[in-house]
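Only this structure's heavy atoms are used, side chains among them; waters, hydrogens and symmetry mates stay out. This is a predicted model, so every value here is computed, not measured.
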Amino acid sequence: MRLQSLADVTLLVVAGGRSRRMGEDKRWLDVGGVPLLEGLLKKAAAAGFAEIFLCVEERSERLQDLASRYGARILVDETAGPVAGLSRGLAASSHTWSFAVSADMPFFSFDAARELLPKAKGAARAVVPVAEGRCEPLAALYHKETAHVFSA
């Protein structure tokens with residue numbers, strides 16, 4: 001199946017929230033008058049994904065309210081880290097391909113996700129962009145079949 005648009009793709013917003021290095025929950029940091037996570041979800045809702053999952057380590061009323069406002073479903077995985085979020089999100093996705101994005105990327109444009117769609121074909125199971133020689137695994141496309149890799 002060739003991906004035609006983001007309407008064929010699930011979005012996984014990996015938003016654990018522990019922010020150990022930051023010292024506070026960065027999901028709620030103000031960026032241009034809007035909490036960081038809300039700004040990303042607002043752009044995600046406008047991008048036209050088939051479904052949106054908010055992958056978190058614990059459910060809260062504040063997260064549930066935010067998810068409801070932007071048409072996202074919360075997926076909880078108590079295991080710490082982004083790999084757990086990817087595993088849980090890919091397993092729950094009802095689509096063959098999912099785009100994963102980290103919640104702490106306030107200036108991310110989903111046009112970058114659209115540019116990856118043509119590369120998701122044939123035997124490909126992941127399309128991970130490289131910027132300045134570094135892989136960007138939390139701004140990448142993953143095939144549903146890779147869920148077991150992340151759970152391992």
Side-chain angles (χ1 to χ4, degrees), residues 1-19 26-27 31 34-60 62-152:
M1 178 181 129
R2 185 174 163 94
L3 291 176
Q4 300 298 316
S5 73
L6 295 180
D8 301 320
V9 177
T10 295
L11 176 65
L12 309 176
V13 178
V14 181
R18 292 217 173 139
S19 303
K26 61 187 164 193
R27 296 176 297 188
V31 177
V34 177
L36 183 76
L37 180 56
E38 183 171 2
L40 185 67
L41 284 173
K42 185 176 185 177
K43 287 192 287 187
F49 286 93
E51 59 189 351
I52 300 172
F53 291 132
L54 184 54
C55 305
V56 298
E57 293 169 6
E58 63 185 356
R59 186 179 303 271
S60 73
R62 191 173 185 189
L63 285 170
Q64 187 59 57
D65 176 60
L66 194 59
S68 294
R69 275 190 274 150
Y70 294 100
R73 231 174 77 203
I74 290 183
L75 295 177
V76 177
D77 190 320
E78 293 83 15
T79 308
V83 173
L86 288 172
S87 173
R88 176 80 170 98
L90 288 165
S93 174
S94 57
H95 293 81
T96 304
W97 286 93
S98 294
F99 184 80
V101 65
S102 177
D104 62 358
M105 298 174 70
F107 306 111
F108 183 78
S109 168
F110 287 104
D111 289 339
R114 285 182 187 91
E115 291 176 21
L116 297 179
L117 297 179
K119 294 175 172 67
K121 61 186 176 187
R125 292 298 175 256
V127 181
V128 181
V130 177
E132 298 179 11
R134 295 176 54 172
C135 289
E136 297 294 338
L138 288 178
L141 274 170
Y142 295 98
H143 194 282
K144 186 170 181 64
E145 290 178 0
T146 62
H148 76 281
V149 174
F150 291 105
S151 66

Can you tell me how far OG of S60 sits from CG of L66, rounded to the nearest 0.5 angstrom? 9.0 Å

Nearest-0.5 Å distance that lies between atom OG1 in T146 and atom CG in L90: 4.5 Å

Distance-minimising heavy-atom pair for A124 and H143: O-CD2, 4.3 Å

Separation of R73 CZ from S68 OG (nearest 0.5 Å): 12.0 Å

Per the side chain to side chain contact (heavy atoms under 4.5 Å, CB included) rule, which among V56, L36, V13 passes with R27? V56

Do any N or O atoms from the side chain of S151 and from the backbone of H148 form a donor-acceptor pair under 3.5 angstrom? yes

Does K43 reach the main-chain N or O of F110 with its side chain, forming a donor-acceptor pair under 3.5 Å? no

Would you name the heavy atoms of V31 and P106 that are closest together and state the gap between them? CG1-CB, 4.0 Å

Considering only NZ, NE, NH1 and NH2 on the basic side and carboxylate oxygens on the acidic side, decide whether R62 and D65 come within less than 4.0 Å. no

Interatomic distance, L63 atom CG to L54 atom CG [nearest 0.5 angstrom]: 6.0 Å

Quick one: CH2 on W97 to NZ on K144, what's the gap to the nearest 0.5 Å? 13.0 Å

In short, L6 meets A113 closest at the heavy-atom pair CD2-CB, 4.1 Å

Taking all non-hydrogen atoms of both residues into account, name the closest pair between L86 and A100 and its distance. CD2-CB, 3.3 Å

Heavy atoms only: give me the nearest A84-D77 pair and the separation to one decimal. O-OD2, 3.6 Å

From T10 atom OG1 to L141 atom CG, the distance as rounded to the nearest 0.5 Å: 11.0 Å

